[in-house]
Amino acid sequence: MNSRSNRAALFDGIEEGGIRASTYSSHEIDEHENDRAIEGLQDRVNILKRLTGDIHEEVDSHNRMLDRMGNDMDASRGILSGTVDRFKMVFEKKSSRRMATIVASFVAVFLLIYYLTK
C-alpha cells in the first residue's frame with residue numbers, strides 16, 4: 001500500500017488522457033521538425049544538383065578545348081617535321097643558297113604561326 005500511495009503522490013493531478021495528449025503533441029512537433037529538416041535537405045540537394053550540372057558543363061568545355069589544342073599540336077608537329085626534313089636535305093647537300101632559303105622560310109612560317117595563334 002505504501003508504494004501505491006507514493007505513486008499516487010508522484011502522479012497526482014496527471015490524467016492518462018493528459019499524458020497521451022502531451023505525447024501526441026510531442027509527436028506532432030517531431031513531425032514538423034522532420035518536415036523542416038526534409039525541406040532543408042531538398043534545398044541542399046537541389047543546390048548540389050545545379051553545382052554538379054555546372055561542373056559537367058565546365059568539364060565538357062575543357063575537353064573540347066583540349067581536343068582542339070591536341071589537333072593544333074598535331075598540325076604543328078606536321079609542319080615542324082617537314083621543316084626538319086628540309087634542314088636535313090640542306091645539310092646533306094651543303095648548298096648555302098638553299099639553306100638561306102629554308103631558314104628564311106622557317107622564320108616566316110614561325111612568325112606566321114605566332115601571329116595566328118596570338
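Bear in mind the structure is a predicted one, so any value in this text is a computation, not a measurement.
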Can you tell me how far the [atom1] atom of [X] sits from the [atom2] atom of [Y], to the nearest 0.5 Å?
X: L66; Y: S61; atom1: CG; atom2: OG; result: 9.5 Å
X: E58; Y: N63; atom1: CD; atom2: CG; result: 10.5 Å
X: D43; Y: I38; atom1: CG; atom2: CD1; result: 12.0 Å
X: S105; Y: F110; atom1: OG; atom2: CZ; result: 15.0 Å
X: I79; Y: L112; atom1: CD1; atom2: CG; result: 8.5 Å
X: D30; Y: D35; atom1: CG; atom2: CG; result: 11.0 Å

Any side-chain heavy-atom pair from [X] and [Y] closer than 4.5 angstrom?
X: R50; Y: I47; result: yes
X: V109; Y: T83; result: no
X: F106; Y: L80; result: yes

Exercise. Salt bridge between R64 and D67, side-chain N to carboxylate O under 4.0 Å?
Worked result: no
For this session: Using a cut-off of 6.0 Å, state whether more than 12 heavy atoms not belonging to M65 lie near its atom CE.
Result: yes
Problem set entry | Atom CZ of R36: over 12 foreign heavy atoms under 6.0 Å | yes
For this session: State yes or no: do V84 and V103 share one hydrophobic cluster built from I, L, V, M, F, W and Y residues joined by side-chain heavy-atom distances below 4.5 Å, directly or via other members?
Result: no
